[in-house]
Amino acid sequence: MSVPIASIRRLRRSDLPVGAVRLARDLIGKVLVHELPAGRLAGRIVETEAYLADDASCHAFRGPTLRNRSLFLPHGHAYVYFIYGVWFALNVSAEPAGVGAGVLLRAVEPLEGIDLMRRRRGPAPVTDLARGPGRLATAFRISRRHDGLDLCAPGRLWLGRMRRPAGRIGTSVRVGITKEIHRPLRFYERGNPCVSGPARQRV
DNA sequence: CGGCTGATGATCT
DNA sequence: GATCATCAGCCGG
């Protein structure tokens, strides 16, 4: 049973920077919260990637479709997609309405609800529970239902801030893509063991 | 620890 | 029919 952290405060839309690169950097050290009947899940965001409107690896690059339309909502909305037939991944829309761009949440450091996360993820070290976008969505029970949700509106899924500041932020190329592979659009808290991938990816 | 590989289904061409 | 913003499990060092 994890102890609730009293001072996680909701972020309003005006607290979030506009623009995928700025938002991706800004979300490091912020908190993802999902309130469930069984308890509250919370985790510090430690790894993100920016996907830009003019970026061939962004799902919105070729214009809106049924799948990617949430990326065109005003910044601060959830875009959830299903990948590899198995996983969901959570993004935050990043630009004004009509511009398709977002920030992929790649990893969080679990703060609250660790038992609940394990119920979904199985017995795993705390550092592994939400280490990677698919694991994060599983641990936080994110699914297609949450696609299009306003993360800045009153609701169960939201972004927050806490006292603890972000550590040093590292930058690198993005993981697992085949287009625009050289753009430095991945951000992470340096040295944090909850950052995804092999050790060199969190230095 | 790190590298490799098969699984699995929605989406778009 | 190809592709895919991944992961668990397995094997070698």
Side-chain angles (χ1 to χ4, degrees), chain A residues 19-28 32 43 45-73 75 77-95 99-110 117-149 151 170-189 191-203:
Chain A
V21 176
R22 291 177 62 206
L23 182 62
R25 282 193 74 98
D26 190 79
L27 285 178
I28 301 294
L32 177 68
I45 297 166
V46 296
E47 183 182 0
T48 61
E49 282 175 353
Y51 288 87
L52 316 185
D54 72 342
D55 163 10
S57 75
C58 178
H59 288 179
F61 184 60
R62 292 163 195 268
T65 67
L66 209 53
R67 177 213 202 190
N68 69 20
R69 59 186 174 180
S70 300
L71 282 174
F72 295 83
L73 295 173
H75 73 297
H77 285 74
Y79 164 53
V80 178
Y81 67 92
F82 189 59
I83 187 68
Y84 294 114
V86 187
W87 311 99
F88 292 100
L90 172 64
N91 298 248
V92 182
S93 67
E95 300 280 351
V99 181
V103 173
L104 172 66
L105 303 189
R106 286 195 57 88
V108 310
E109 174 185 331
M117 294 183 196
R118 285 218 175 93
R119 216 174 287 175
R120 251 323 164 73
R121 289 268 301 117
V126 174
T127 51
D128 283 354
L129 288 173
R131 192 169 153 273
R135 293 164 168 175
L136 186 161
T138 301
F140 274 73
R141 308 203 178 194
I142 304 294
S143 71
R144 217 187 302 285
R145 287 203 303 297
H146 306 285
D147 185 42
L149 218 72
L151 300 173
T171 304
S172 81
V173 296
R174 294 171 291 183
V175 175
I177 56 169
T178 57
K179 295 170 214 150
E180 312 238 16
I181 60 174
H182 298 302
R183 299 178 88 160
L185 295 174
R186 171 176 172 266
F187 304 95
Y188 58 98
E189 185 174 67
N192 190 299
C194 299
V195 171
S196 75
R200 73 182 121 78
Q201 214 167 268
R202 48 181 175 263
V203 174

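A, B, ... follow the sequence lines: proteins, then strands. Residue 1 opens every chain.
With a 4.5 Å cut-off on side-chain heavy atoms, A:R131 and A:R202 count as touching. Counting heavy atoms from C-beta on, the side chains of A:T48 and A:L105 come closer than 4.5 Å.
In this entry the distance linking CG of A:L129 with C1' of C:dC7 reads 15 Å, nearest Å. The CG atom of A:L105 sits 13 Å away from the P atom of C:dT6 (whole-angstrom rounding). Nucleotide C:dA5 holds its C1' atom 16 Å from the CD1 atom of A:I142, rounded to whole Å.
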Sub-3.5 Å pairs of nitrogen or oxygen atoms, protein against nucleotides 6-8 of chain B:
from	atom 1	to	atom 2	distance (Å)
B:dT8	O2	A:Y84	O	2.3

For nucleotides 11-13 of chain B, which of its nitrogen or oxygen atoms have a protein nitrogen or oxygen under 3.5 Å away, and what is each distance?
from	atom 1	to	atom 2	distance (Å)
B:dC12	OP1	A:T65	OG1	2.5

All N/O pairs under 3.5 Å across the protein-nucleotides 11-13 of chain C interface:
none

Sort me out a list of protein N/O and nucleotides 1-3 of chain C N/O pairs below 3.5 Å, or just none if empty.
none

Distances under 3.5 Å between nitrogen or oxygen atoms of protein and nucleotides 2-5 of chain B:
from	atom 1	to	atom 2	distance (Å)
B:dG2	OP2	A:A199	N	3.2
B:dG3	OP1	A:R200	NH2	3.4
B:dG3	OP2	A:R200	NH2	2.5

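Scanning for salt bridge (Lys or Arg N to Asp or Glu O under 4.0 Å) contacts around A:E109 gives A:R44, A:R164, with sequence neighbours left out. Among residues two or more places apart in sequence or in another chain, the side chain to side chain contact (heavy atoms under 4.5 Å, CB included) test is passed with A:A124 by A:D128, A:L129. Contacts of A:F88 classified as side chain to side chain contact (heavy atoms under 4.5 Å, CB included), with partners at least two apart in sequence or in another chain: A:V80, A:F82, A:A137, A:S143, A:R144. For A:A94, the side chain to side chain contact (heavy atoms under 4.5 Å, CB included) partners at least two apart in sequence or on another chain are A:A20, A:L23, A:V103.
Applying the side chain to side chain donor-acceptor pair (under 3.5 Å) rule to pairs touching residues 77-95 of chain A yields A:H59-A:Y79, sequence neighbours excluded. Applying the salt bridge (charged side-chain N to carboxylate O under 4.0 Å, His left out) definition to pairs two or more places apart or across chains, those involving residues 45-61 of chain A are A:E47-A:R106, A:E47-A:R186, A:E49-A:R106, A:D54-A:R183, A:D55-A:R174.
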(request) Starting at the 5' end of DNA chain B, write a dot or bracket for each base, bracketing those in Watson-Crick or G-U wobble pairs whose two distances are under 3.5 Å and using | for partners on another strand. (result) |||||||.||||.

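Across all strands, A:R121 comes closer than 4.0 Å only to sugar-phosphate atoms, never to a base (heavy-atom distances).
Side-chain N/O atoms of A:Y81 and base N/O atoms of B:dA10 include no donor-acceptor pair closer than 3.5 Å.
Proximity of A:R135 to the phosphate of C:dA8: a side-chain N or O atom is located under 4.0 Å from OP1 or OP2.
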